[in-house]
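In the text below, chain A, chain B and the rest are named by the order of the sequence lines, each starting its count at 1. As the structure is a prediction and not an experimental result, all values here were calculated from the model.
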Amino acid sequence: MIAEVIVDVAAYPIDRPFDYAVPAEWESVMEPGLRVKVPFGPRKVVGYVTAIKMHSELDSGKIKPVLEIIDLEPVLSTELLALSKWMAAETIAYEIDALQVMLPAAMRAKYEKIMRVVKPELLDDSFREFLGNREQVSLKALQDAHLLNEVKKYSEQGIVQIDTAIQQKTKMKKVRMIHIPDTAHLESALEETHSNAKKQVELLQWLLLHPSKSMEASEIMNKSGVKANVLKALLDKQVIEQSQVEVYRELDAPKMRDSGKPEQLTDEQQSALSAIEQASDKKKQETFLLHGITGSGKTEVYLQAIDHVLKKGKEAIVLVPEISLTPQMTARFKGRFGELVAVLHSGLSSGEKYDEWRRIHRGEVKVAIGARSAVFAPFTNLGLLILDEEHESTYKQEESPRYHARDVAIWRADYHRCPVILGSATPSLESYARATKDVYTLLTLTKRAKQQALPEVQVVDMREELKTGNRSMFSVALADGIRQRLERKEQIVLLLNKRGFSSFVLCRDCGTVVECPNCDISLTYHRSSESLKCHYCGHEQPVPIECPECASEHIRFFGTGTQKAQEELYKLVPEARVIRMDVDTTSTKGAHERLLHDFGEGKADILLGTQMIAKGLDFPRITLVGVLAADTSLHLADFRAAEKTFQLLTQVSGRAGRDQLPGEVVIQTYDPEHYAIELSKTQEYVPFYELEMDRRRQLGYPPYYFVTVVQFSHEDVLKAADYAHKGTSFLMEQLSSESVIIGPTAAAISRLNNRYRYQCLVKYKQEPALVPVLQKLLKHYKTSWAKDGLVMSINREPTAIF
DNA sequence: TTGGGGCTTCAG
DNA sequence: TGAAGCCCCAAC
């Protein structure tokens, strides 16, 4: 029997299965999806069995045997094995990378070189002394002891052997379990125990009072008050027995709970739910775009749809952007489905993630909630996949394999013949466009679930504020609003839009942002050269001293931090209690959750933060939302800038007035006429969608075109540019004339880690040759360019063009 | 990616 | 002549 194995080596010529002989005694247990230890060249590595066959094309002399089977059960199902193949091909990644992302990080192998003594009698005395009674030592320890030269000699003489040890990063957690005999045995043991052994008598009596078959050793010690030595004495006498039992790590119980009861649905919610249930009953793959305004109760639709598939004995995956994986959200799912839910979020340790993964793998839970990678949850009978806030760019992994969770979800749904729900108040243009073309089924929720009115939105022109002499960060309207809420003991959320910090130049008098003469995109400020550059066409110009439009000298780099905002806020309302939430204050584990919890408890009046506060907050006392600088994200060198701004403004506005109290939103901007800001006033998505689609069509950007970016980097500027040229011309030659190839241009971050970066942009509507051509380019690169120090990467459908 | 073999270079 | 450094190649 032959096993085809993908080995744990990420390299171009190795990105294919290798054949290994299966020893006869393992033939009955060998199957695809198992991890094995195999010899590979002179070393030993972990590999994944992807197929079993009876014969190999290779000379039998070349085939080595599998050394060890690591798992008892396959860790990857046939479905996930097939998915990894598809994903590797689609994203142009190594298959091993595609396999590894599907498993928890704790299962990734760690290699350690160890030295094993073969002929101890031939060792020097000093070396033997160092070893003590150890038979093997890690090379690391030997290096620390400066013994590497000796080891080398011994190894050449065959006195010691160097070997690779493969270790699991995280092991299953085990506890010491004490097995307690029945009362009769305990009583007879008590009689036999000498009364001098007071503590033993005490323990036996305690055990008699607390009858149980088995108990954790630590629990016995804690509750009975005896020490470990007493326990050991009884173990030695074989009165009690012990064993190591595998347990799951205890997760923090959610602090908030949902009532657990399904809520009454509105008509709109009900018809959306029915459509999903129908698709589910018909065992049909169908992708639904659930477009519901903020507060329209999308989550309730998810919950009831999940309930429907669970009743049919199937499983569900819910993906949420990491940031909205707040206790509020998870508590709601746990409240509804209790122990059937596994939550996978970044706050868990790798061991905890591993435990959650095993709970899914063993079929102990039916619902998995998590960020991007939860889309690979090892369910075998999926009935529903949900992506909440589907427009979020965090669903795209920006390192190899560069997959999009949406595509993976649809692939899995297709495999299991089940529906996918993409939910958002502000869908990505891609998804909405597909919904209008009936690729996806559009479901719309236009009313808020609790009948509240949408908050009233006011856009404040900061240029006017400046003219009237207000140089502070807060407009008169916002400052008044804040004071008012403080008096009424209501809560305020202030969003500081920090994206694209200091990267563009803006005139404080007329709001002009310096743009590229060739492209409809703002120029990016480059400190190193004191110039402004366009990352799309390569245009470059010096930083102007005065505004090119109004000749004002109030022209400067735009951007301001949360810390400064907090100081200014203090000057404005010293009595207010402010919680600041940004990368600085949320870097420690659980900080994010704690700050939100405090805010929810009313321990602060104002929540000031960056993007991370825009989502998922659902607190009834928030009645004012202020956006301090709406335009910061508008002038990024990114064709999605307007879309992202509109999404952010809509999301954050949705935080206000979610309960009884009416909400109000104040958006401060230097560019009130911009359609992304103008339209966020009414929070109407469709008009924005139409305008933005028009613009995208004119400029030839997604979703009208697909985009692939090929990036070239090299330590030497000239070589980077040279290879970028070569690569670009290769693509031009090979791809059809329908495709638009732009570049090479300097990347937005033109030097990163001392490497110069250039890129080439491929835009296409239909290009069947794309993947094969990219594969060819990759082969070129790997077989010759890479040797010259070039690094090339391919990113299909990037979230942003850097 | 990694380890080994082979080749060159340099000092002794 | 041996050690060290570098390049190249195969890996089942």
Side-chain angles (χ1 to χ4, degrees), chain A residues 1-24 26-27 30-70 81 84-85 88 92-101 105 108-116 138-140 142-143 146-158 160-167 169 399-401 713 715 778-794:
Chain A
M1 188 190 261
I2 301 290
E4 287 190 4
V5 175
I6 300 278
V7 292
D8 178 16
V9 178
Y12 184 68
I14 296 152
D15 186 31
R16 63 188 175 85
F18 284 77
D19 290 356
Y20 285 90
V22 180
W26 290 340
E27 290 200 351
M30 183 59 79
E31 55 179 315
L34 287 170
R35 287 177 303 162
V36 288
K37 184 174 164 185
V38 290
F40 190 69
R43 58 210 169 113
K44 294 177 181 100
V45 296
V46 169
Y48 295 80
V49 177
T50 53
I52 302 287
K53 57 189 179 186
M54 292 324 289
H55 299 288
S56 171
E57 307 281 294
L58 260 82
D59 293 353
S60 58
K62 265 194 136 182
I63 298 174
K64 293 182 188 172
V66 169
L67 296 176
E68 205 178 285
I69 297 181
I70 298 173
L81 286 173
S84 78
K85 254 203 155 60
I92 322 227
Y94 296 133
E95 208 172 328
I96 185 68
D97 284 340
L99 288 166
Q100 310 247 51
V101 275
R108 229 154 282 169
K110 202 181 115 198
Y111 299 92
E112 190 180 31
K113 278 195 223 151
I114 50 159
M115 182 210 68
R116 204 193 316 274
S138 73
L139 277 199
K140 181 95 179 51
L142 290 160
Q143 189 179 11
H146 304 284
L147 290 168
L148 274 191
N149 283 332
E150 283 87 334
V151 173
K152 212 175 156 193
K153 269 180 216 137
Y154 288 143
S155 156
E156 279 160 12
Q157 295 162 15
V160 301
Q161 257 180 13
I162 308 290
D163 213 341
T164 345
I166 297 172
Q167 284 160 346
K169 268 191 190 158
E399 61 207 63
S400 176
S713 76
E715 285 181 1
L778 202 61
K779 194 175 173 187
H780 246 316
Y781 153 60
K782 288 290 181 182
T783 49
S784 68
W785 301 351
K787 292 190 184 76
D788 197 23
L790 179 81
V791 172
M792 188 184 96
S793 74
I794 297 170

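Checked against B/dT1, B/dG4, C/dC12, the side chain of A/Pro42 finds its nearest nucleotide in B/dG4. For A/Lys64, counting side-chain heavy atoms from C-beta on, the closest listed nucleotide (B/dT1, C/dC12, B/dG3) is C/dC12. For A/Ile14, taking side-chain heavy atoms from C-beta onward, the closest of the listed nucleotides B/dT1, B/dG3, C/dC12 is B/dT1.
Looking at heavy-atom distances under 4.0 Å, A/Lys113 makes contact with sugar-phosphate atoms alone, never a base. Among the heavy atoms of the strands lying under 4.0 Å from A/Ile63 are primed sugar atoms or P, OP1, OP2 only; no base atom is included. Residue contacts shown for A/Tyr20 are limited to sugar-phosphate atoms, with no base heavy atom under 4.0 Å away. Counting non-hydrogen atoms under 4.0 angstrom, A/Pro39 reaches the backbone sugars and phosphates but no base.
Nearest heavy atoms, A/Val38 versus A/Leu67: C-CD1, 4.0 Å. Heavy-atom minimum distance, A/Lys37 versus A/Ile166: CG-CD1, 3.5 Å.
A salt bridge does not link A/Asp19 with A/Lys62: none of the charged nitrogens is closer than 4.0 Å to a carboxylate oxygen.
Rounded to whole Å, atom C1' of C/dC8 lies 16 Å from atom CG of A/Asp788. In this structure, A/Tyr12 places its OH atom 16 Å from P of C/dA10, rounding to the nearest Å. Straight-line distance from the CG atom of A/Asp15 to the C1' atom of B/dT1: 13 Å, rounded to whole Å. Between A/Asp163 atom CG and B/dG3 atom P the separation is 12 Å, expressed in whole Å. Between A/Lys787 atom NZ and C/dC7 atom P there is a gap of 12 Å when expressed in whole angstrom units.
The aromatic rings of A/Trp785 and A/His780 sit parallel to each other, their planes meeting at less than 30°, with 60° as the upper class boundary.
Remark: A/Lys62 is in phosphate contact with C/dA11, judged by side-chain N or O atoms under 4.0 Å from OP1 or OP2.
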